[in-house]
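Working notes, beginning with the structure itself.
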Amino acid sequence: MTPTFSGENSYSERSCRERTSADSRGTGGHGGLSPTGRICYSRNSEKRRKGRKRISFASVGFSNRWKKGDGITEHVSAILLREQKNKFRDGEFEKANELFLKIINEFSYSVHIAEAFFLLAEGQFQIGILEECVKTAERMVDLFPGNELTGFALLRMGKIFEIQHRPEEALEIYKTVLRSFPQPEVAAQAARSLRSVDL
């Protein structure tokens, strides 16, 4: 059975445990999805219609058990990412960063994960946690080596090195980006950054 998403109410953990244990004993249960992501299904559609509460996306704790390309995962992660981008645009970087981390941790197979990493790094830069921004950019290099957003994250890392008075390291980052990322926008920005470095 497919759970219904919407509304403000959610299943309680206790009621889903009762449903899950009732189902395992073969005594029936009710339909729905618990906040921890367990599917509780119904053998009696009459009971399910009467007792089912609707679940909001925010109350559902999805886990990495969803497979890459799963339609539900992609839809939920796209909605969450869109909401967090709005917070990011409004300057609510700390709040947005918390939710970007949630997307990264709970939707690791999503096609939107590289963008979530990039926006997390940008948010970290905006609120001044520069070392965390560098770590996020380094992680992007490991996970998404050819992605255009990784190139932009490396450019941000070079800017951090300039701020920290480490021009030689910034220069190396910019040269690496020019060599490794053929995307026109990344290469153009890397060339501009390379020319602006004060040695």
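Because the structure is a prediction, the values reported are computed rather than measured.
- Taken from CZ in Arg166 to CE in Met157, the straight-line distance is 9.0 Å, to the nearest 0.5 Å.
- Residue pairs that meet the side-chain hydrogen bond (donor to acceptor under 3.5 Å, both in side chains) test with at least one member in residues 113-125, sequence neighbours left out, are Lys85-Glu115, Glu122-Arg156, Gln124-Thr136.
- Using a 4.5 Å cut-off on side-chain heavy atoms (C-beta onward), Gln84 and Lys102 make no contact.
- A heavy-atom distance below 4.5 Å is found between the side chains of Arg139 and Leu143.
- The side-chain hydrogen bond (donor to acceptor under 3.5 Å, both in side chains) pairs that include a residue from residues 179-196 are Thr176-Arg179, where partners are two or more places apart or lie in different chains.
- The side-chain heavy atoms of Ile160 and Cys133, taken from C-beta on, include a pair separated by under 4.5 Å.
- Here the side chains of Ile173 and Glu169 are not in contact, with every heavy-atom distance at 4.5 Å or above.
- Atoms CG and CG, on Leu178 and Leu194 in that order, are 6.0 Å from each other to the nearest 0.5 Å.
- Within the structure, the side-chain hydrogen bond (donor to acceptor under 3.5 Å, both in side chains) test picks out no pair touching residues 141-152 (sequence neighbours left out).
- Legend: residues meeting side-chain contact (heavy atoms from CB on, under 4.5 Å) with Pro145, ordered by chain and number and at least two apart, are absent.
- Comment: Glu132 engages Lys135 in a salt bridge, judged by a side-chain N to carboxylate O separation of less than 4.0 angstrom.
- Inter-residue side-chain proximity for Ile103 and His112 is flagged as unmet; no heavy-atom pair is nearer than 4.5 Å.
- Hydrophobic clustering keeps Leu99 apart from Ile113 (ILVMFWY residues linked when any side-chain heavy atoms are closer than 4.5 Å, directly or through intermediates).
- Among residue pairs with one or both ends in residues 149-194, none qualify as ring pair (Phe, Tyr, Trp, His ring centres under 6.0 Å); sequence neighbours excluded.
- Pairs passing the ring pair (Phe, Tyr, Trp, His ring centres under 6.0 Å) check and including a residue from residues 84-105, sequence neighbours excluded, read Phe88-Phe93.
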